[in-house]
Amino acid sequence: MEIQWVLLPQDEYDREYSKAFKSPEFTDNFTSESLEAEFRLFDASLRQELVKYWKEGDCGDGDFAVSDEFQDAFHHCGGIYHSRAFCPEYIQTVMGVMAGLPNSARWVYHTTVECMDEDDEEIPFCEFFIRNGKVYGSEEEFV
């Protein structure tokens with residue numbers, strides 16, 4: 001799976017990311033409960049795939065973490081805590097899970113990179129988010 005990066009000035013990046021927190025318009029056929037059920041599917045599927053390659057745990061105790069906080073929006077998030085998970089395969093794994101969701105084009109997955117192992121001095125704190133098959137980052141962090 002090819003990774004397509006979209007690098008934006010910080011203010012544009014922040015504006016694009018903020019769209020993820022907008023609650024969708026609910027209908028009789030798509031309720032808050034429907035969204036939460038899809039979130040739970042996303043969450044469980046993502047954890048199942050990521051643990052095939054990396055160790056889940058808190059900062060300093062694992063390679064990655066996934067939040068379990070439902071936010072009544074098409075938003076999910078997690079963190080990378082070891083250089084082992086700071087790689088194209090991590091992004092491709094997340095993208096693969098997202099592609100299988102019923103509302104895949106609407107979901108955003110945000111990742112904060114906070115590598116804590118001794119080998120990671122060259123990897124600074126950064127963040128990115130994935131939406132509709134693209135990875136968005138700030139020019140200030142990735143250029």
Side-chain angles (χ1 to χ4, degrees), residues 1-8 10-26 29-143:
M1 179 180 305
E2 182 180 337
I3 299 172
Q4 182 180 357
W5 282 88
V6 179
L7 298 179
L8 301 169
Q10 188 66 50
D11 61 332
E12 289 182 40
Y13 171 85
D14 293 340
R15 196 168 28 257
E16 282 299 313
Y17 179 50
S18 71
K19 294 176 184 178
F21 295 99
K22 184 177 183 204
S23 289
E25 291 194 24
F26 296 112
N29 294 325
F30 187 75
T31 64
S32 178
E33 291 77 18
S34 303
L35 178 60
E36 185 169 5
E38 191 168 335
F39 171 85
R40 297 289 169 219
L41 171 65
F42 185 5
D43 186 73
S45 300
L46 184 60
R47 290 171 194 274
Q48 181 180 348
E49 289 303 309
L50 290 174
V51 298
K52 290 179 180 178
Y53 309 101
W54 305 284
K55 179 184 174 197
E56 184 173 10
D58 295 327
C59 187
D61 186 40
D63 299 330
F64 75 93
V66 176
S67 173
D68 58 2
E69 183 180 343
F70 172 64
Q71 299 178 3
D72 215 29
F74 285 101
H75 178 271
H76 201 357
C77 60
I80 292 175
Y81 302 130
H82 196 284
S83 59
R84 285 185 295 265
F86 190 57
C87 61
E89 291 79 14
Y90 173 91
I91 294 172
Q92 291 166 333
T93 300
V94 175
M95 289 172 71
V97 170
M98 291 176 78
L101 298 172
N103 289 285
S104 61
R106 299 180 73 182
W107 280 99
V108 167
Y109 188 79
H110 178 269
T111 300
T112 301
V113 180
E114 304 175 62
C115 292
M116 298 296 192
D117 58 305
E118 295 98 33
D119 305 330
D120 294 337
E121 293 181 35
E122 74 281 358
I123 301 175
F125 170 88
C126 62
E127 63 181 286
F128 59 89
F129 69 88
I130 301 168
R131 180 180 64 210
N132 200 17
K134 296 179 183 174
V135 182
Y136 292 78
S138 167
E139 291 175 338
E140 286 83 356
E141 294 181 353
F142 287 98
V143 175

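All values derive from a computational prediction rather than experimental measurement.
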Trainee: Measure the SG-CD1 distance between Cys77 and Ile130 for me, rounded to the nearest 0.5 Å.
Mentor: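 Spacing of SG (Cys77) from CD1 (Ile130) equals 12.0 Å.
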
Trainee: Of all heavy-atom pairs between Arg84 and Asp63, which one has the smallest distance, and what is that distance?
Mentor: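 In terms of heavy atoms, the two residues are closest at NH2-OD1, 2.6 Å.
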
Trainee: For Glu89, give me all partners under side chain to side chain contact (heavy atoms under 4.5 Å, CB included), at least two apart in sequence or on another chain.
Mentor: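 Glu89: side chain to side chain contact (heavy atoms under 4.5 Å, CB included) contacts with Trp54, Cys87, Gln92.
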
Trainee: Is there a donor-acceptor pair closer than 3.5 Å between any side-chain N or O of Ser23 and the backbone N or O of Asp72?
Mentor: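 The answer is yes, because a donor-acceptor pair under 3.5 Å joins these two groups.
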
Trainee: Specify the closest pair of heavy atoms between His75 and His110, including all atoms of both residues, with the distance to one decimal.
Mentor: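 For His75 and His110, the tightest heavy-atom pair comes out as NE2-CB, 4.0 Å.
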
Trainee: With sequence neighbours left out, what residues match Thr31 under side chain to side chain contact (heavy atoms under 4.5 Å, CB included)?
Mentor: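 Listed in chain order: Glu33, Ser34.
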
Trainee: How are the rings of Tyr17 and Phe21 set relative to one another: parallel (under 30°), tilted (30 to 60°) or perpendicular (over 60°)?
Mentor: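 Answer is perpendicular, since the angle exceeds 60°.
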
Trainee: Working to the nearest 0.5 angstrom, can you tell me the gap between Leu101 CG and Phe39 CZ?
Mentor: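 If we round to the nearest 0.5 Å, Leu101:CG and Phe39:CZ are 11.0 Å apart.
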
Trainee: Just grab all the salt bridge (Lys or Arg N to Asp or Glu O under 4.0 Å) pairs involving residues 40-52, residues at least two apart or on different chains.
Mentor: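 Of all non-adjacent pairs touching residues 40-52, those that pass salt bridge (Lys or Arg N to Asp or Glu O under 4.0 Å) are Glu36-Arg40, Asp43-Arg47, Arg47-Glu56, Glu49-Lys52.
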
Trainee: Just so I know, are the side chains of Tyr13 and Glu127 near enough to count as touching, which here means a heavy-atom distance under 4.5 Å?
Mentor: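 The answer is yes, as the side chains (C-beta and beyond) meet within the 4.5 Å cut-off.
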
Trainee: Whether the Glu69 and Ser67 side chains hold a donor-acceptor pair (N or O, under 3.5 Å, no angle test) is what I'd like checked.
Mentor: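 Result is no, nothing qualifies.
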
Trainee: In the structure I gave you, are the side-chain heavy atoms of Val108 and Phe74 within less than 4.5 Å of one another anywhere?
Mentor: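 No, their side chains stay 4.5 Å or more apart.
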
Trainee: Can you list everything that forms a side-chain hydrogen bond (donor to acceptor under 3.5 Å, both in side chains) with Trp107? Sequence neighbours excluded, please.
Mentor: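 Expected list: Glu38.
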
Trainee: Give, for atom CZ of Arg131 and atom CE of Met98, the distance between the pair rounded to the nearest 0.5 Å.
Mentor: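 Answer for the CZ-CE pair, Arg131 versus Met98, is 9.5 Å.
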
Trainee: For Trp5 and Ile91: C-alpha separation, side-chain torsions, deciding distance, then whether side chain to side chain contact (heavy atoms under 4.5 Å, CB included) applies.
Mentor: CA-CA 11 Å; Trp5 282 88; Ile91 294 172; 3.8 Å; yes

Trainee: To check you understand the geometry: which heavy-atom pair defines the closest contact between Ala20 and Ala73, and what is its length?
Mentor: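 Smallest interatomic distance, heavy atoms only, reads O-CB, 3.4 Å.
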
Trainee: Which atoms form the tightest heavy-atom contact between Arg106 and Pro24, and what is the distance?
Mentor: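 Taking Arg106 first and Pro24 second, the nearest heavy atoms are NH2-CB, 3.5 Å.
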
Trainee: Report the C-alpha separation of His76 and Val66 in whole Å, then their side-chain angles, then the decisive distance to 0.1 Å, and conclude whether the side chain to side chain contact (heavy atoms under 4.5 Å, CB included) test is met.
Mentor: CA-CA 8 Å; His76 201 357; Val66 176; 3.5 Å; yes

Trainee: Name all residues meeting the side-chain hydrogen bond (donor to acceptor under 3.5 Å, both in side chains) criterion together with Thr112; count only those two or more places apart in sequence or in a different chain, and write none if there are none.
Mentor: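 side-chain hydrogen bond (donor to acceptor under 3.5 Å, both in side chains) check on Thr112 returns nothing, list empty.
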
Trainee: Kindly indicate, with the supporting measurements, whether the criterion side chain to side chain contact (heavy atoms under 4.5 Å, CB included) is fulfilled by Phe129 and Glu16.
Mentor: CA-CA 10 Å; Phe129 69 88; Glu16 282 299 313; 3.8 Å; yes

Trainee: Ala65 and Gly57: which non-hydrogen atoms are nearest, and at how many Å?
Mentor: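 That would be CB-O, 3.5 Å.
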
Trainee: Between Ile80 and Ala85, what is the shortest heavy-atom contact and its length?
Mentor: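 Closest approach of Ile80 to Ala85: CD1-O, 3.5 Å.
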
Trainee: Would you say that His82 contacts Lys55 through its side chain, given a criterion of any heavy-atom pair below 4.5 Å between the two side chains?
Mentor: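 In short, these two side chains do not touch, never coming nearer than 4.5 Å.
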
Trainee: Parallel, tilted or perpendicular: which describes the rings of Tyr109 and Tyr90, with under 30° parallel and over 60° perpendicular?
Mentor: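 Tilted, since the angle between the ring planes falls between 30° and 60°.
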
Trainee: Who pairs with Lys22 by side chain to side chain contact (heavy atoms under 4.5 Å, CB included), at least two apart in sequence or on another chain?
Mentor: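 Expected list: none.
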
